[in-house]
Protein chains: 2
Amino acid sequence: MAVRGAVPEVIWARPERTGRGPKPAYTRDDIAAAAVRIADAEGLDAVSMRRVAAELGCGTMSLYNYVPRKEDLYELMMDAVSAEHEPWEPSGDWRADLFRVAHATRSLMHRHPWVPRLMSPVYGFSPHALRYLEHCLACLDPLDASYGTKIELIAMLNGVVTTYVRNELDTAERVRALPWSEDEENAMRIAYLGGQIASGAYPRMAAAFREDPGPIDLEAVFQRALERVVDGFAPR
Amino acid sequence: MAVRGAVPEVIWARPERTGRGPKPAYTRDDIAAAAVRIADAEGLDAVSMRRVAAELGCGTMSLYNYVPRKEDLYELMMDAVSAEHEPWEPSGDWRADLFRVAHATRSLMHRHPWVPRLMSPVYGFSPHALRYLEHCLACLDPLDASYGTKIELIAMLNGVVTTYVRNELDTAERVRALPWSEDEENAMRIAYLGGQIASGAYPRMAAAFREDPGPIDLEAVFQRALERVVDGFAPR
DNA sequence: CCTAGTTACGTACAGCGTACGCAGTGCGCT
DNA sequence: AGCGCACTGCGTACGCTGTACGTAACTAGG
């Protein structure tokens with residue numbers, strides 16, 4: 001009896017090729033790459049089984065031979081982008097190495113703006129995600145702490161990076177679903193916010209808006225956030 | 001000419017009642033409460049325009065008189081749960097007050113497990129979200145820092161709380177969409193992870209798993225994370 | 001060689017967001 | 001007072017989604 005449809009099994013435990021029957025026309029990498037290409041160009045919501053199949057040039061239902069559920073397609077996508085994280089030799093300065101990893105993750109998310117939306121611990125155990133985690137732990141070898149603490153630190157740093165970049169990209173990613181332009185979206189939100197502030201109901205918010213911050217350097221704000229998190233864990 | 005369908009306007013700027021025509025049968029609060037009830041009981045994906053209309057006892061398209069787009073329904077839901085955040089008189093100990101806010105947010109998310117998935121800066125400017133933000137700033141009055149820094153701190157703390165609770169609830173929320181049970185899901189992931197670790201390709205991960213952490217106290221891990229973030233901002 | 005298991009793919013179904021048309025209602029203006 | 005218009009309520013319909021299922025072609029193991 002052939003295994004049809006979804007079955008309780010991680011996609012990575014499924015062999016790509018079993019030996020019997022015709023040779024598969026595509027690899028998992030082909031499929032993941034096609035899905036990533038669509039998500040990069042048209043947003044995550046454009047990634048449908050039909051659309052990916054069309055991108056590959058096969059029938060919709062053929063895709064289900066490779067990917068039992070849409071959820072598994074997301075898992076392939078997240079693993080594919082994790083593969084962009086090429087591990088390097090740790091320098092011995094764990095703090096600097098951690099910052100380097102964080103900046104690499106941020107730029108990865110800028111290349112693939114849908115990643116923050118998909119970020120979840122359940123995708124943290126794909127082959128390339130494990131390689132990434134192992135590399136982070138290698139960077140932390142010089143730090144004298146338990147693995148439990150190190151993993152807490154990595155999780156928190158990843159969380160902060162994700163949150164931060166999500167805030168950077170959120171409107172940009174969601175604007176695709178809007179029936180109007182990003183400018184109109186921003187204009188209307190600012191107009192409403194201005195009205196609320198002017199109402200006097202939120203005096204501290206009003207004061208915050210009056211405070212002149214000077215030019216905002218997103219890169220600097222990000223770096224500052226990273227340093228604060230790391231300092232909270234291991235004060236210098 | 002009547003305003004039909006979506007128009008570039010925040011839902012909060014739309015008056016609930018304009019004076020002309022028959023009296024609306026429902027208030028925004030009714031609608032938000034119905035949607036929240038469904039999301040709490042059956043998960044966020046069960047919240048569809050049809051389902052909410054059915055819950056209210058009206059035709060699907062009648063809902064569009066109140067809520068121009070589904071996105072606005074989410075905005076109503078997020079404001080409705082923000083309203084559960086009743087501001088209190090700050091104690092003068094901003095650190096303790098911040099922790100109290102964070103714990104309240106965490107327990108709110110446990111009551112409404114779909115909140116982390118919806119958490120986004122764009123919902124941060126609804127009436128009750130503004131009230132919440134103003135209250136956080138009030139708690140930070142004793143802290144000698146610019147409003148810019150204070151807002152960075154609040155944003156980071158909220159981000160950490162969201163990330164943390166999302167990790168707690170993620171599988172539980174997503175298990176509803178799975179064609180198998182949560183136990184099977186966990187079992188298969190652990191089985192795969194165990195195999196990978198045993199392969200020897202991830203020595204530090206393997207060491208981390210051999211390390212006996214003793215009983216894990218989620219509450220303590222959470223509190224520790226909060227303290228680390230706050231310490232990173234304002235070392236004692 | 002045979003046959004079981006696999007690939008490929010068309011059809012079909014239930015559900016989604018929502019555009020549009022029309023009937024009925026009651027406020028505001030003349 | 002009464003006309004007209006803005007509004008509410010709602011049924012229908014369109015294009016989209018994930019995916020269950022049936023069928024035909026193919027190929028490797030016994």
Exercise for review: Give, for atom NZ of B:Lys23 and atom CZ of B:Arg17, the distance between the pair rounded to the nearest 0.5 Å.
Suggested key: 7.5 Å
Practice item. From the options D:dA13, D:dG18, D:dC7, select the nucleotide whose nearest atom is closest to the side chain of B:Thr18. Key: D:dC7
Study note, to complete from the structure: Comparing A:Pro22 with A:Tyr74, nearest DNA chain D nucleotide closer to 5' gives the residue A:Tyr74
Revision key, fill the gap. Per atom distances to the A:Met61 side chain, the nearest of D:dG11, C:dC9, C:dT7 is C:dC9
Review point. Could you state the CZ-P distance from B:Arg17 to C:dG28, rounded to the nearest angstrom?
Key: 9 Å
**Study point:** Atom-to-atom span, CE of A:Met49 to P of C:dA8 - whole angstrom
**Key:** 14 Å
Practice item. Would you mind telling me which residue lines up with the more 5' stretch of DNA chain C, B:Ala46 or A:Gly59, judged by nearest nucleotide? Key: A:Gly59
Review point. Hey, does the side chain of B:Glu16 reach the backbone of B:Arg28 with a donor-acceptor pair shorter than 3.5 angstrom?
Key: yes
Exercise for review: State which of D:dT19, D:dA13, C:dA8 makes the closest approach to the side chain of A:Ala25.
Suggested key: C:dA8
Exercise for review: Mind telling me whether B:Trp88 and B:His135 have parallel, tilted or perpendicular rings, with 30° and 60° as the class edges?
Suggested key: perpendicular
Check your understanding: In whole angstrom, what separates A:Asp72's CG from D:dG18's C1'?
Key -> 13 Å
Check your understanding: In whole angstrom, what separates B:Glu71's CD from C:dT18's C1'?
Key -> 15 Å
Check your understanding: Is A:Ser62 touching bases, backbone alone, or none of the nucleic acid, heavy atoms closer than 4.0 Å?
Key -> base
**Study point:** Protein-nucleotide distance (B:Tyr26, atom OH; D:dG9, atom P), rounded to Å
**Key:** 7 Å
Review point. Just how far, in rounded Å, is C1' of C:dG17 from CG of B:Asp45?
Key: 14 Å
Review point. Any donor-acceptor pair under 3.5 Å linking the side chain of A:Glu42 with the backbone of A:Ala39?
Key: no
**Study point:** Nucleotide C:dC27, atom P - distance to CZ of B:Arg20 in whole Å
**Key:** 10 Å
Practice item. Could you tell me whether the side chain of B:Arg69 has a donor or acceptor atom within less than 3.5 Å of a complementary atom in the base of C:dG17? Key: no
Study note, to complete from the structure: Closest to the 5' end of DNA chain D, once A:Tyr64 and B:Tyr66 are matched to their nearest nucleotides, is B:Tyr66
Review point. When you measure from the side chain of A:Ser48, which nucleotide among D:dG18, C:dT18, D:dT8 comes out closest?
Key: D:dG18
Revision key, fill the gap. Distance col, row B:Leu98:CG vs B:Cys136:SG, nearest 0.5 angstrom, shows 6.5 Å
Check your understanding: Nearest-Å distance, CG (B:Leu56) to P (D:dT8)?
Key -> 15 Å
